Amino acid sequence: MPFWHALLAEWREAWQDANLPEIPRITFTPPDQRGTLTLNIFPLLKAFKGDASQAAAAVLHPLREVTHVEVIKGFVNVSLSSAFWTQFLREALESPREGYTHLSLASDQHLMIEYPSPNTNKPLHLGHLRNLCLGEAVSRLWERIGARVVRVNLVNDRGIHISKSMLGWRKFFAPQTPASVGKKGDHFVGDCYVAFEKAYKAQVDALVAAGMKESEAQVQAPLFQEAQALLRQWEAGDEETLALWRQMNEWVYEGFEQTFQRLGIRFDRVYYESQTYLLGKAIVEEGLERRLFYREEDGSVWADLTAEGLGRKLLLRRDGTSVYITQDLGTADLKFRDYPTLTRSVYVIGNEQDHHMRLLCALLKRLGRPWAEKIYHLSYGMVELPTGRMKTREGTVVDADELLDEMYQRAYELTDAALPEKERAAIAEAVGQGALRFYLLRTDPKKNIIFDPAESIDLKGFTGPFLQYGYVRALRLLEKASERGLVPLPTEPPEHLEAAELSLLQQLFALPAILESSAMGFDPAIAAHYGYELTRRFNEVYQTLPVLQAESVLRQFRLALVGVYHHAIRALLEVLAIPFPARM
RNA sequence: GGCCCCGUAGCUCAAUCGGAUAGAGCACGGGAUUUCUAAUCCCGCGGUUGCAGGUUCGAGUCCUGCCGGGGUCACCA
């Protein structure tokens with residue numbers, strides 16, 4: 001445990017012993033006020049008849065390490081002693097992994113984090129990128145605070161959508177392959193799907209023109225009937241159908257894998273719905289026997305969740321085939337069978353499935369699964385374009401691979417042309433991805449993002465490259481120092497600190513608290529904002545105060561500041577899964 | 001229509017579980033480079049926190065009712 005935790009614990013204990021009517025809440029002092037920590041004594045004022053100075057005196061009496069105090073209304077801003085800061089620098093520099101850049105407060109936690117769970121009929125798009133960035137960042141955040149994390153991908157490799165791309169291939173693309181047309185496999189299969197949808201829509205339109213209701217036409221269109229028949233053949237185990245299915249999924253997996261690798265994302269375990277839907281069906285049977293569910297006269301199986309305010313939910317179709325939630329039941333069961341020690345099972349899924357996830361939890365609860373309450377839905381908002389929602393039909397879907405290429409190009413042009421080509425390319429990839437990832441993470445996950453291409457590829461201001469640049473500056477400075485035989489060593493802060501120095505020092509102090517709240521809240525945006533603010537303050541020091549040229553005592557202190565900043569910014573970039581080049 | 005989420009500067013977002021004078025970036029205007037990488041820094045401009053009530057020492061934050069936007073309520077996934 002870092003020593004300042006010990007200090008806060010000591011303070012709280014002292015307050016307990018002092019028999020205060022209320023214990024003050026401790027927060028970080030806002031930047032425009034003098035002080036490092038703020039004790040909130042509003043709740044105590046009543047007991048002291050509104051006399052803030054008396055209340056403050058009572059609160060401060062038992063505390064050590066406090067040097068300067070300012071009482072403003074119910075706020076008591078305290079500054080900490082030089083000895084305190086010396087010790088902070090020592091711990092952050094000498095053993096950052098033991099309580100500064102790494103914490104152990106969640107070491108009893110074991111999380112499974114599922115993302116991005118794509119369908120296998122289309123390539124990944126911008127929405128998947130938000131999902132991937134979120135899932136990876138949350139995984140890393142929890143690892144940072146000491147938890148064990150198992151990353152899991154659930155592939156939706158069966159269902160009507162796959163049947164559609166299979167039919168698309170048969171009718172419009174056979175016998176072509178990704179290799180024969182020179183395309184990534186997932187994009188090729190996506191083309192098959194789009195071709196199907198186009199032909200299907202033409203059929204529906206024709207039927208509607210002939211006077212049929214649209215909802216009826218959608219079901220009656222021959223292509224849809226064919227797709228359903230194909231799904232039944234698949235579920236019946238028809239060998240030819242299965243062979244094509246395997247082939248097309250294989251193409252898609254190869255394509256996905258390339259994208260995952262480019263993003264540096266790896267999974268510990270991959271689940272396939274084709275392997276869990278039967279488990280789901282068995283669970284539905286179990287529920288039927290236990291009279292938790294019921295069968296309609298037409299043979300379909302339902303759960304009545306009106307008591308939970310969720311209405312009725314179909315679990316098996318009239319023809320006995322499974323629906324989406326059926327396999328989700330099976331997968332959920334399997335996860336806890338495979339990993340019985342899980343304390344949390346996290347689903348990173350868009351908020352359009354809020355209702356679905358509520359249904360899933362309600363069903364698992366009804367089935368008496370004790371771990372149902374360990375499920376956490378990390379629900380995130382949609383990525384929209386300035387023109388509205390992305391739509392396949394209108395061709396406005398932003399493709400993940402194309403966007404990554406565009407980011408790379410953009411960054412490449414800004415990179416020093418004098419660099420060796422290989423190095424320049426590596427930097428461009430890091431900066432391009434850094435910009436995109438930061439852009440996708442900087443907003444509260446539950447809010448919708450409006451993806452403005454111009455702003456997202458911006459490399460200035462509140463962006464990933466801003467943080468990367470701060471990292472590079474610090475790193476290079478430390479390298480330069482090292483060449484002169486100088487290393488960051490803990491020192492006592494000088495008596496008079498420049499405003500920029502104090503500002504940076506105080507912000508550095510907050511890192512562990514940020515890691516904790518960002519992880520616990522499943523909210524990487526907290527770490528992103530902090531990383532920006534921290535780097536802003538570092539830049540101010542860097543820009544206005546000499547480090548290597550300063551006189552030796554001052555130089556030593558500033559070098560220590562830079563050293564701690566270097567640890568901190570690196571930790572933040574790692575946690576956000578933003579690459580950090582050594583030069584830019 | 002029922003339920004869920006969102007509404008803060010022209011635009012994109014913050015606001016430390018109800019706390020201080022609501023803060024950043026972009027855009028716009030001005031300034032800084034013989035100095036550790038200017039992808040930087042400094043200054044300025046910009047607000048009835050959608051509207052109306054309520055709760056209390058104190059509300060962008062909590063409650064109620066409206067308004068606006070999105071999602072969802074499939075024998076789709």
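All values below were derived from every heavy atom in this structure, side-chain atoms included, with hydrogens, water molecules and symmetry-related copies excluded. Values in this document were obtained by computation on a predicted structure and should not be read as measured data. Below, chains carry the letters A, B, ... as their sequence lines are ordered, and counting in each starts from 1.
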Answer with yes or no whether [X] presents, from its side chain, a donor or acceptor under 3.5 Å of a partner atom in the base of [N].
| X | N | answer |
| --- | --- | --- |
| A/Gln543 | B/U40 | yes |
| A/Thr463 | B/A39 | no |
| A/Asn77 | B/A20 | yes |

Atom [atom1], compared across [N] and [M]: separation rounded to whole Å:
| N | M | atom1 | value |
| --- | --- | --- | --- |
| B/G44 | B/G2 | P | 49 Å |
| B/C75 | B/A14 | P | 36 Å |
| B/U56 | B/C5 | C1' | 28 Å |
| B/G54 | B/G47 | C1' | 24 Å |
| B/C41 | B/U21 | C1' | 25 Å |
| B/U37 | B/A32 | P | 23 Å |
| B/A27 | B/U40 | P | 11 Å |

May I have the distance from [X] (atom [atom1]) to [N] (atom [atom2]), rounded to whole angstrom?
| X | N | atom1 | atom2 | answer |
| --- | --- | --- | --- | --- |
| A/Glu429 | B/A39 | CD | C1' | 17 Å |
| A/Phe438 | B/A24 | CZ | C1' | 11 Å |
| A/Arg317 | B/A77 | CZ | C1' | 10 Å |
| A/Lys313 | B/A74 | NZ | P | 7 Å |
| A/Arg583 | B/A38 | CZ | P | 14 Å |
| A/Tyr532 | B/A39 | OH | C1' | 12 Å |
| A/Gln353 | B/C76 | CD | P | 15 Å |
| A/Glu216 | B/A74 | CD | C1' | 15 Å |

Pick the closest RNA chain B nucleotide for A/Arg158 and for A/Val472 by heavy atoms, then say which residue is nearer the 5' end.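 Comparing both residues, the 5'-ward one is A/Val472.
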
Reading RNA chain B from 5' onward, which residue's closest nucleotide shows up sooner: A/His355 or A/Ile450?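 Between the two, 5'-proximity favours A/Ile450.
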
Looking at A/Lys73, does any N or O in its side chain come under 4.0 Å of the phosphate oxygens OP1/OP2 on B/U21?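 Yes, such a contact exists.
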
Below 4.0 angstrom from OP1 or OP2 of B/C41, is there any side-chain N or O of A/Asn539?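 So the side-chain polar atoms of A/Asn539 do come within 4.0 Å of the phosphate oxygens OP1 or OP2 of B/C41, strictly under.
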
Using a 4.0 Å heavy-atom cut-off across all strands, classify A/Thr38 as base, sugar-phosphate, or nothing.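 Base: the residue A/Thr38, judged by heavy atoms under 4.0 Å, touches a nucleobase.
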
Sugar-phosphate only, base, or nothing, as touched by A/Ser300 at under 4.0 Å among non-hydrogen atoms: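 Base, at least one base atom sits under 4.0 Å.
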
Among B/A20, B/C76, B/A39, which is the nearest nucleotide to the side chain of A/Pro30?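 Selected nucleotide: B/A20.
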
As a test of reading the structure: which of B/A14, B/U40, B/A39 is closest to the side chain of A/Pro465, going by heavy atoms?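 The answer is B/A39.
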
Any luck finding a side-chain donor-acceptor pair between A/Asn249 and A/Asp157 under 3.5 Å?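 A/Asn249 vs A/Asp157: no donor-acceptor pair found between side chains.
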
If you measure only the distance, is there a donor-acceptor pair under 3.5 Å linking the side chains of A/Gln506 and A/Ser503?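 There is no such pair (donor and acceptor under 3.5 Å, judged by atom type) between the side chains of A/Gln506 and A/Ser503.
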
Any chance the rings of A/Trp245 and A/Tyr272 have centres within less than 6.0 Å?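 Ring centroids of A/Trp245 and A/Tyr272 are no less than 6.0 Å from each other.
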
Does this structure show an ion pair linking A/Lys480 with A/Glu483, if we count only N-O contacts that are shorter than 4.0 Å?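 Not counted as a salt bridge, because no side-chain N and carboxylate O are separated by less than 4.0 Å.
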
For the pair A/Tyr532 and A/Phe466, evaluate ring-ring contact (aromatic ring centres under 6.0 Å, His included) and give the outcome as yes or no after the intermediate values. CA-CA 7 Å; A/Tyr532 173 77; A/Phe466 183 91; 4.7 Å; yes

Any chance you could lay out the side chain to side chain contact (heavy atoms under 4.5 Å, CB included) test for A/Phe538 and A/Val562, step after step, and finish with the verdict? CA-CA 8 Å; A/Phe538 167 74; A/Val562 175; 4.1 Å; yes

